[in-house]
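Here's the structure we're looking at; comments come further down.
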Amino acid sequence: MLNHFYSKTLLTMAFFATALAATPLMAQEMMKEGEYKPEDTEFYEPVPPKVKPGENGQAPSDATVLFDGKDLSKWESVNGGKATWEVKDGSFAVKPKGGDIRTKEDFGDFQLHIEWRSPQEIKGEGQGRGNSGIFLQGLYELQVLDSYDSKTYTNGQAGSMYKQSPPLVNAMKPTPEWETYDVLYTAPQFDEKNGALLEPGYVTVMQNGIVVQNHTKLQGTTEYIGTPRWVAHGDGPITLQDHGNPVSFRNIWIRKIDANAKK
Ligand code: MG
């Protein structure tokens with residue numbers, strides 16, 4: 001009896017000793033199977049950096065300010081040389097026949113904030129009334145137009161990706177109030193060796209806080225005549241269009257992002 005008691009006790013102790021020794025392994029196996037505890041959060045990384053938001057549409061702390069109301073030092077003429085559009089009272093306006101202007105810096109994926117205003121004097125019709133444009137990477141036009149109360153073709157009005165995608169709604173304020181665009185842009189990707197399109201570009205646009213383009217797939221470069229086409233390119237500027245109408249711009253800032261970072 002005694003021997004039997006001891007042997008049973010020893011067996012029990014051996015069982016617990018084995019169980020204790022096996023615990024880390026078992027825990028690892030459990031982790032592998034995805035049975036995490038709520039507090040197992042240390043593998044969620046990287047920790048997002050802190051960014052101080054701007055007040056009332058002003059630039060956040062990590063933005064590149066492209067126009068702060070003072071000068072066009074971040075811009076140049078697409079024809080070479082200085083941007084000659086006129087800066088006045090914290091904004092600048094298209095100089096008719098002054099040519100398009102573009103940022104000196106090139107960008108890939110980005111978040112862009114830009115404010116614009118149609119000319120005070122309401123003049124012309126359709127595409128001739130307050131026409132300008134914001135070319136993303138210098139190639140894809142987000143239309144700027146006084147289309148508050150003026151008819152034109154749907155994919156040519158303000159908030160459209162010109163001749164590709166009309167805005168979801170007409171979010172215009174009455175002329176000549178300031179309009180706001182907040183743009184989220186994912187650049188197209190091309191094969192470095194043969195220039196073939198790997199991924200098209202995408203654009204989301206809020207006009208005055210209202211979504212007008214929702215992850216719209218670009219069809220290619222903006223063409224005045226004919227269909228869009230893809231031409232391989234790298235980073236590109238923000239280009240503003242001189243369409244002969246003195247449209248004003250102010251408070252322009254951009255944040256570089258990596259749209260594919262979390263995919
Ligand atoms: Mg235009």
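Ligands are counted one by one from 1 in listed order, and the atoms in each one are counted from 1 as well.
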Can you see whether Asn208 engages Glu179 through a side-chain donor-acceptor pair at a distance of less than 3.5 angstrom? yes

Kindly determine whether Lys104 and Glu76 satisfy salt bridge (Lys or Arg N to Asp or Glu O under 4.0 Å), including the steps that lead there. CA-CA 6 Å; Lys104 291 175 180 171; Glu76 63 187 9; 5.9 Å; no

Result, protein N, O or S atoms below 2.8 Å from the Mg ion (ligand 1), excl. waters, equals 5

Between the side chains of Glu105 and Thr64, does any donor sit under 3.5 Å from an acceptor? no

Does any N or O in the side chain of Asp100 come within less than 3.5 Å of the main-chain N or O of Val78, such that one atom is a donor and the other an acceptor? no

Set of ring pair (Phe, Tyr, Trp, His ring centres under 6.0 Å) partners for Phe92, sequence neighbours left out: Phe67, Phe249

Which of these, Lys163, Gln241, Met161, sits in a side-chain contact (heavy atoms from CB on, under 4.5 Å) with Glu141? Gln241

